[in-house]
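Every chain is numbered from 1 and lettered A, B, ... according to where its sequence line falls, protein lines coming before strand lines.
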Amino acid sequence: METTDADRHLDGNAAGGMLAEVFRFEATTVIVTCAGCGAAGPMAELLLYGHGMGQILRCAGCDTAVVRVARVRDRHWLDLRGARSLQIGGGQ
Amino acid sequence: MGQGFVSRGFRGRRRPDAEVADRIPPGQYLTRDFPVLSAGPTPRTALDRWDFVVRGDVEAPRRWTWDEFRALPSETVTKDIHCVTKWSKIDTVWEGVSVDTLLDGLETSADYLIAHCDGGYTTNLPLEDVTGGKAWVVFGYDGDALEPEHGGPARLLVPHLYFWKSAKWVRGLELVGEDSPGFWESLGYNNYGDPWLEQRYAGD
Ligand SMILES: [Zn+2]
């Protein structure tokens, strides 16, 4: 069976080293880009709507829900669809 | 024992607090307040710019201006409401238009709907949970206009499900063939949310 380069992949465990480098940071200094309007700035400058069901962090410019977090029993659910990208590390 | 003593156990009917207890789902407590939970800023849409739309899997979308909407037949209903953050409130009085009225005569093959709101909030519901006298679009609360902080000018009222399904600032219903999780349903909360089955979270 012939495979192309595009077919070759490893499972996600192989990315463990890099993911561990990425997912260890002080989150409030991460630069987040809003998927709604493209504005970029530190997570700490988002507006927090503390809610009994979860925490909603909104863009100060366009109100997009950039980061949504809910504690569901012993887990946290994190939804970042309102964030186009995160810039992590780099001595912010 | 004084002459006026009457043992509670010998009264002919159940005590009122026991009757109230039967109306509180498992894990809930009774409150007299009306807590405000907002996941974003309170929208303040002027009534002359407000409309309500039924769209999606329909032959022709339906749209009402505020005045047209308020001219629809409305009713006053008294319901118990249950928030997933564990408060319940009994005998709340609402005035609004039955969703049956909004969908009357509509031909659709949809089984679900998504409620769309000012501010971008959404919630998903089976169509059968908003028809047959189970849901309203309400504009009045306790004899007054519904306050913006409680969802005014109009919110959905689906009292048999957890209160996040009763979407504040609702502006439209999108009828869809396939279910699709809304704002909280996609963040770990139950897709259906029956308080009597304590369906708080995904997997309950
Ligand atoms: Zn933005």
Gap between atom OH of B:Tyr121 and atom CD1 of A:Ile56 - 0.5 Å precision: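 A:Ile56 atom CD1 to B:Tyr121 atom OH measures 10.0 Å (nearest 0.5 Å).
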A:Arg73 CZ to B:Tyr201 OH distance, which is reported to the nearest 0.5 Å: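 Taking CZ in A:Arg73 and OH in B:Tyr201, the distance rounds to 6.5 Å.
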Engaged part of A:Asp79 at the chain B interface, taking heavy atoms whose separation is under 4.5 Å: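 The answer is both parts of A:Asp79.
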Heavy-atom proximity to chain B below 4.5 Å, by part of A:Arg81: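 The side chain, not the backbone.
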State, to 0.1 Å, how close [X] and [Y] come at their nearest heavy-atom pair, and which atoms those are.
X       : Y        : value
A:Trp77 : B:Gly188 : CE3-N, 3.2 Å
A:Gly54 : B:Tyr189 : N-OH, 4.5 Å
A:Val72 : B:Leu187 : CG2-O, 3.9 Å

Backbone of B:Phe183 reached by a side-chain donor or acceptor of A:Arg68 within 3.5 Å: yes
Contact class of B:Asp204 relative to chain A, heavy atoms under 4.5 angstrom: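 The side chain, not the backbone.
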Side chains of A:Met53 and B:Cys83 in contact at under 4.5 Å (non-hydrogen atoms):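 No, too far: nothing below the 4.5 Å cut-off.
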Heavy atoms of other groups near A:Phe23 CZ, more than 12 under 6.0 Å: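 No, because the 6.0 Å sphere around CZ of A:Phe23 holds 12 heavy atoms or fewer from other groups.
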Residue B:Arg23 excluded, over 12 heavy atoms near CZ under 6.0 Å: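 It does: B:Arg23 CZ has more than 12 such atoms within range.
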Positions in residues 37-55 of chain B that reach chain A, provided some heavy atom is under 4.5 Å away: B:Leu37, B:Ser38, B:Ala39, B:Gly40, B:Pro41
